[in-house]
*Asks:* 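Got a structure here, written out as structure tokens. Questions coming.
Throughout, numbering of the chain's residues begins at 1 and tracks the sequence.
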Amino acid sequence: MTLKFSQTLDQPESSASPCLVVGLFADAGLSEAAARLDRASSGAIKRLLDSGDVTAKLGNSTLLFALPGIKAERVLVVGLGDKSRFDAAAFNRAALEAGRAMKSLPVASAASWLTDLDVPERDGAWKLRTAALAADLHAYRYTATLKPKEKSKIAQLESLAFAGDGGERALAEAAAMSNGVRFARELGNLPPNICNPAYIAEQSKTIAASHDGVSCEILEREDMEKLGMGSLLGVARGSANPPRLVVLRWNGGGEAKPYALVGKGITFDSGGISLKPGAGMEEMKFDMCGAAGMLGTFLSAVELALPLNLVCIVAAVENMPDGNAYRPSDVLTSMSGQTIEVLNTDAEGRLILCDALTYAQKFEPQVIIDAATLTGACVVALGKHASGLMTQDDELAGELLAAGNQTLDRAWRLPLWDDYQSALDSAFADVANLGGKYGGAITAGCFLSRFTTGYRWAHLDIAGTAWNEGRKGLATGRPVPLLTQYLIDRCA
């Protein structure tokens, strides 16, 4: 369950919350809320700051107990860095640190005055939503495949109040986004022997069954064969887990054309015959995070009852080596009729997406957006901070970049010039599935662009942003905030 969010009109010194959260500036001292606590405690916080026991360095926090004159049992003091440099990114970092610290405290509830801080060019609604999302990101715990433990007698954070009032819509948006992010994270974190194509289909049916106005259709292998999805089915041939094409629809916008969200759902990517190296292959359960992100975005939009029409299409496939698996040099025929020479079976994401993108066009969408953990080249180019955005539509690019900057789930636009298309030339098919040594993220986008002609379309490569690396790395739930904000903006 996500955290419960609310607002409080209490003053910090009179709040009886188990934990208060306030901020300190490195160059300007106490924030207003911290100053009120300091006065009530006869200068206790200022003395600790002067002695060096409390730091105002951005991203640090200190927990104080039983301050005199304060009703609250604990005060969490969060460093804000220099006030002269305090901006949206610094606010988000402080909110994330507060969330990280609160997760380990034995408290069921807390109250935060970080939302009272002034953030240049950001309003109160933004501060509420950002702080709420940051807290819930850290409150999430993965437990699905862990040995059940006896219910702990130690409290865990369940609710968080923010200073101020009048932010009901912002908190509703935060709750819906948090639900979508958690849904996407849980799908991404589950092991591939549980989260296979059939499981994704069942979870999609559950979304439809639990929300009025949502319909769900699941296409089986036979349905896709009739549609001529030879590219998607080629990837699926080596797996004992049959593929699924999930189609979720939300009709909240009358007769308007829908927005189409298309997600890559490779539930495990071994690389196929072009087998990946063994080291790090366990992270390839995250190769379905594009699908998870689109399902999470769909869930957020439905919970907000956004007044638009939405179709979410997820291509759920497992890429495995087998005697029946597709091979390098095979030629596949896509649903669009274009033939594809397979140069590498580990460039499979674009092969399932191209058929899903073609299928999306039957709904005559006004915009198509796909998300995929598509290329390691994008991670090399942008690292783990920004998703790669590719589109030939400048207006659509601007809208998506703005949504990313608003939520700090940011993207960076890469070129999608025709100059790159020649890298996909093939002597044996209409197009090759690999573009050579250079510009791999861009040539992958160029490949997908050949299946979206005539439509407003954008591609998000989330290979660097969808999960955190390492043995304890978890899925992040991106790009749910970016895309949910994009849809909210379309309803403004």
*Asks:* Decide whether Thr130 and Asn92 meet the rule of one side-chain donor and one side-chain acceptor closer than 3.5 Å.
*Replies:*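 No, because no side-chain N or O of Thr130 sits under 3.5 Å from a partner of the opposite role on Asn92.
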*Asks:* Have Thr2 and Asn179 got a donor and an acceptor in their side chains that come within less than 3.5 Å?
*Replies:*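 Yes - a donor-acceptor pair under 3.5 Å links their side chains.
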*Asks:* Does NZ or CZ of Lys285 fall inside the cone over Trp467's six-membered ring, less than 6.0 Å from its centre and within 45° of the axis?
*Replies:*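 Ring-cation test returns no.
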*Asks:* So do Leu396 and Glu399 actually touch side chain to side chain, heavy atoms under 4.5 Å?
*Replies:*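 A side-chain contact exists here, since the closest heavy-atom pair is under 4.5 Å.
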*Asks:* Would you please say whether a donor-acceptor pair under 3.5 Å links the side chains of Arg129 and Gln485?
*Replies:*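 Yes, side-chain donor-acceptor contact under 3.5 Å.
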*Asks:* Tell me, do Leu261 and Thr297 make a side-chain contact under 4.5 Å, heavy atoms counted?
*Replies:*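 Answer yes - side chains close enough.
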*Asks:* Working to the nearest 0.5 angstrom, can you tell me the gap between Phe162 CZ and Gln7 CD?
*Replies:*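 So the gap between those two atoms works out to 9.0 Å.
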*Asks:* Which heavy atom of Pro479 sits nearest to which heavy atom of Ile462, and what is that distance?
*Replies:*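 The pair with the smallest heavy-atom distance is CD-CD1, 3.9 Å.
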*Asks:* When the ring planes of Tyr359 and Phe363 are compared, do they come out parallel, tilted or perpendicular, using 30° and 60° as the limits?
*Replies:*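 Tyr359 vs Phe363 ring planes: perpendicular.
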*Asks:* Taking NZ, NE, NH1 and NH2 as the nitrogens, is one of them in Lys264 or Asp370 under 4.0 Å from a carboxylate oxygen of the other?
*Replies:*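 Salt bridge absent between Lys264 and Asp370.
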*Asks:* Just so I know, are the side chains of Glu318 and Val235 near enough to count as touching, which here means a heavy-atom distance under 4.5 Å?
*Replies:*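 A side-chain contact is absent here, since even the closest heavy-atom pair is not under 4.5 Å.
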*Asks:* Could you tell me whether the side chain of Val331 reaches within less than 4.5 Å of the side chain of Val342, counting heavy atoms only?
*Replies:*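 No, their side chains stay 4.5 Å or more apart.
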*Asks:* Between Asp223 and Lys226, does any side-chain N to carboxylate O distance fall below 4.0 Å?
*Replies:*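 No, Asp223 and Lys226 are not salt-bridged.
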*Asks:* Test ring-ring contact (aromatic ring centres under 6.0 Å, His included) on Trp457 and Phe451; report intermediate values, then the result.
*Replies:* CA-CA 10 Å; Trp457 161 77; Phe451 300 86; 9.9 Å; no
*Asks:* Using a strict cut-off of less than 4.0 Å between a Lys/Arg side-chain nitrogen and an Asp/Glu carboxylate oxygen, indicate whether Glu225 and Arg221 qualify as a salt bridge.
*Replies:*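 Not counted as a salt bridge, because no side-chain N and carboxylate O are separated by less than 4.0 Å.
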*Asks:* In Å and rounded to the nearest 0.5 Å, what is the CG to CG distance from Leu353 to Leu374?
*Replies:*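 Going from CG on Leu353 over to CG on Leu374, the span is 6.5 Å.
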*Asks:* Find out whether Phe5 and Asp136 are in side-chain contact, i.e. whether some heavy atom of one side chain is under 4.5 Å from a heavy atom of the other.
*Replies:*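 Side-chain contact under 4.5 Å: yes.
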*Asks:* Under 4.0 Å between a side-chain nitrogen and a carboxylate oxygen: does that hold for Glu220 and Arg244?
*Replies:*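 Yes, this pair counts.
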*Asks:* Going from CE on Met390 to OG1 on Thr443, what distance comes out if it is rounded to the nearest 0.5 angstrom?
*Replies:*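 So the CE of Met390 and the OG1 of Thr443 are separated by 9.0 Å.
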*Asks:* Does a donor on one side chain sit under 3.5 Å from an acceptor on the other, for Thr339 and Asp430?
*Replies:*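 There is such a pair between these side chains.
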*Asks:* Are the side chains of Glu348 and Asp287 in touch, meaning some heavy atoms are under 4.5 Å apart?
*Replies:*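 Contact flag for Glu348/Asp287 side chains = yes.
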*Asks:* With distance as the sole test, does Arg350 use its side chain to make a donor-acceptor pair with the main-chain N or O of Asn433 at under 3.5 Å?
*Replies:*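 Between the backbone of Asn433 and the side chain of Arg350 there is a qualifying donor-acceptor contact (under 3.5 Å).
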*Asks:* Run Ile488 and Thr484 through side-chain contact (heavy atoms from CB on, under 4.5 Å) and show every step you take.
*Replies:* CA-CA 6 Å; Ile488 290 171; Thr484 304; 4.0 Å; yes
*Asks:* For a 4.5 angstrom cut-off between non-hydrogen side-chain atoms, does Ile369 reach Leu400?
*Replies:*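 In contact.
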*Asks:* I need the Met224 CE to Leu219 CG distance, nearest 0.5 Å.
*Replies:*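 Met224 atom CE to Leu219 atom CG measures 6.5 Å (nearest 0.5 Å).
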*Asks:* How far does CD1 of Ile313 sit from CG of Leu248, to the nearest 0.5 angstrom?
*Replies:*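 Rounded to the nearest 0.5 Å, the CD1-CG separation comes to 10.0 Å.
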*Asks:* Would you indicate whether the side-chain heavy atoms of Leu232 and Pro243 approach each other to under 4.5 Å?
*Replies:*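 Yes; the side chains approach each other to less than 4.5 Å.
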*Asks:* Just checking, Arg490 and Tyr486: is the charged tip under 6.0 Å from the six-membered ring centre and within 45° of the axis?
*Replies:*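 Yes; both conditions hold, so Arg490 lies above the ring face of Tyr486.
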*Asks:* Going by atom types alone, do Asn241 and Tyr199 pair a side-chain donor with an acceptor below 3.5 Å?
*Replies:*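 Absent: no donor and acceptor within the cut-off.
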*Asks:* Determine the minimum heavy-atom distance between Leu332 and Tyr326, stating which atoms define it.
*Replies:*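 Looking at all heavy atoms of both residues, the closest pair is CD1-CD1, 4.1 Å.
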*Asks:* Working to the nearest 0.5 Å, report the span between SG of Cys216 and CD of Glu202.
*Replies:*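 Rounded to the nearest 0.5 Å, the SG-CD separation comes out at 9.0 Å.
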